[in-house]
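Inspection log for the structure reproduced underneath, given as structure tokens.
Just so we're clear, the structure is a prediction, and the values are computed from it rather than from any experiment.
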Amino acid sequence: MDLSNLDYQQLVELRAQVDVELVRRKEQEKARILSQLQSAAAASGFTVAELLGEVASGKKGAKKPVKAQYANPSDASQTWTGRGRKPQWVHDALANGATLDSIRI
């Protein structure tokens, strides 16, 4: 394809058409490959999800919420799990002589 004969606007339009077609073809190719995988898995008595586990479902292990370990002595509604960055109230309590054990829940 000789692009040198196209003006700027024609090239922009062509690029847009190519982008749309690439997306369509990618989805088409994914569907074709998934069909092949499903056939191969079924021939062996499996499903793709069984073979790929969490990857096939798109889910990773659910993280459980962590219980708060520390509470602000001035405001018990402010808590901290002990993970990640210390909240300012923890820094303030430690600066005023408190220990982590003294603010532990």
Does some side-chain heavy atom of E21 sit less than 4.5 Å from a side-chain heavy atom of R25? yes
If I take atom CG from residue D7 and atom CD from residue E13, how far apart are they, to the nearest 0.5 angstrom? 8.0 Å
Side-chain (E27) to main-chain (R24) donor-acceptor, under 3.5 angstrom: no
Considering all heavy atoms of both residues, which atom of V66 and which atom of R83 are nearest to each other, and what is their separation? CG2-NH1, 3.1 Å
Looking only at heavy atoms, what is the nearest atom pair of Y70 and L100, with distance? CE2-O, 3.3 Å
Measure the spacing between CG of L52 and CG of L37 and express it to the nearest 0.5 Å. 7.5 Å
W80 versus I103: any side-chain heavy-atom pair under 4.5 Å? no
Spacing of K30 atom NZ and L34 atom CG [to the nearest 0.5 Å]: 9.5 Å
Rounded to the nearest 0.5 Å, the CD atom of Q17 sits from the CG atom of D19 at a distance of 10.0 Å
Measuring from K67:NZ to I105:CD1, what's the distance to the nearest 0.5 Å? 7.5 Å
Can you tell me how far the NE2 atom of H91 sits from the CG atom of N96, to the nearest 0.5 Å? 13.0 Å
Side-chain donor or acceptor of S44 paired with backbone N/O of F46 under 3.5 Å: no
Considering non-hydrogen atoms only, spot the tightest contact between K86 and V90 and give its length. CD-CG1, 3.9 Å
Is the shortest side-chain heavy-atom distance between L6 and M1 below 4.5 Å? no
Please, which pairs that meet salt bridge (charged side-chain N to carboxylate O under 4.0 Å, His left out) have at least one residue in residues 95-105, sequence neighbours excluded? D101-R104
Would a distance-only check, ignoring hydrogens and angles, find a side-chain to backbone donor-acceptor pair under 3.5 Å from S102 to T99? yes
Give a yes or no on whether a salt bridge exists between E29 and K26, defined as a side-chain N under 4.0 angstrom from a carboxylate O. no
For residues N72 and D92, determine if any side-chain heavy atom of one lies less than 4.5 Å from a side-chain heavy atom of the other. no
Is the backbone of S35 close enough, under 3.5 Å, to the side chain of S39 for a donor and an acceptor to pair up by distance? yes
